[in-house]
Protein chains: 2
Amino acid sequence: MDTGDRLLTPGEVAALFRVDPKTVTRWAAAGRIGSIRTPGGHRRFRESEVRALLEGEGVLDDLDGDANRPRNAGPPQNGSHGPTNAGLH
Amino acid sequence: MDTGDRLLTPGEVAALFRVDPKTVTRWAAAGRIGSIRTPGGHRRFRESEVRALLEGEGVLDDLDGDANRPRNAGPPQNGSHGPTNAGLH
DNA sequence: CGGCATTAGGGTAATTTGGGGA
DNA sequence: AGTGTCCAAATTACCCTAATGC
């Protein structure tokens, strides 16, 4: 498939970002990252979205000290794996 | 709308949710997801119901358009007549 | 008939959740 | 504003053996 709809657990995402799983949960609660809830209440994150977030901002790094850049200027619009909604006939 | 013609096996549903097949069985045992039992005792799940659970929340992704639009930060969790999604503890 | 992969069931450890406070 | 740590609880993951499905 195109985007690889693999789902990651909070622990996986936390390890990728080097933060605590709790922080990842906060991102999901704040709507900063898409999250899928299991019937049990646990969250799952898209591997493609996490990847876009990881690389969307790591390359453009200014060492000068300019702290005025938008935190979301990346092209993280991977939208494609959506169900297109047209699948229901 | 059709009531889901295709039936999925626990392994399929587990792969979709990135969980263990045993967990899917637990959902069915808890009544969180509809399940059809085979004469032998194995369970089968409706593809339409599983898809609705996966991410049927108003995440209607747009096929195309601007790639600079912030993500939909709306927290519209399962607002439908969800299958007893009262997983809040 | 035999065979293999998957599933069911019980039990225990690990992870995740939610809120509060630093 | 954002993150790390504390608590208690729930949910999930992995262990096993036997039965089912194809």
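Here is how names work: the chains are called A, B, and so on, in the same order as the sequence lines, proteins then strands, and each is numbered from 1.
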Mind calculating the distance between [atom1] ([X]) and [atom2] ([N]) to the nearest angstrom?
X        : N       : atom1 : atom2 : result
Ile36(A) : dT16(C) : CD1   : C1'   : 16 Å
Leu7(A)  : dT16(C) : CG    : P     : 14 Å
Phe45(A) : dT15(C) : CZ    : C1'   : 13 Å
Glu12(A) : dT12(D) : CD    : C1'   : 15 Å
Arg18(A) : dG2(D)  : CZ    : P     : 23 Å

Any side-chain N or O of [X] under 4.0 Å from OP1/OP2 of [N]?
X        : N       : answer
Arg37(A) : dG18(C) : yes
Trp27(A) : dT3(D)  : yes
Thr25(B) : dG9(C)  : no
Thr38(A) : dT12(D) : yes

Identified pairing partner of dA22(C), criterion: Watson-Crick or G-U wobble below 3.5 Å: dT3(D)
Between the side chain of [X] and the main-chain N/O of [Y], is any donor-acceptor distance below 3.5 Å?
X        : Y        : result
Glu49(A) : Gly34(A) : yes
Asp20(A) : Lys22(A) : no
Arg6(A)  : Glu47(A) : no
Arg44(B) : Ser35(B) : no

Name the closest nucleotide to the Arg26(B) side chain, picking from dG21(D), dT17(C), dC14(D). dC14(D)
Please tell me which of the listed nucleotides, dT5(D), dT7(C), dT12(D), lies nearest to the side chain of Asp20(A)? dT5(D)
Trp27(A)/Phe45(A) aromatic ring centres below 6.0 Å: no
I'd like to know if Lys22(A) reaches the base of dG18(C) with its side chain such that a donor and an acceptor end up less than 3.5 angstrom apart. yes
Applying a 4.0 Å non-hydrogen cut-off, can you work out what Arg43(B) is touching in the nucleic acid: base, sugar-phosphate, or nothing? sugar-phosphate
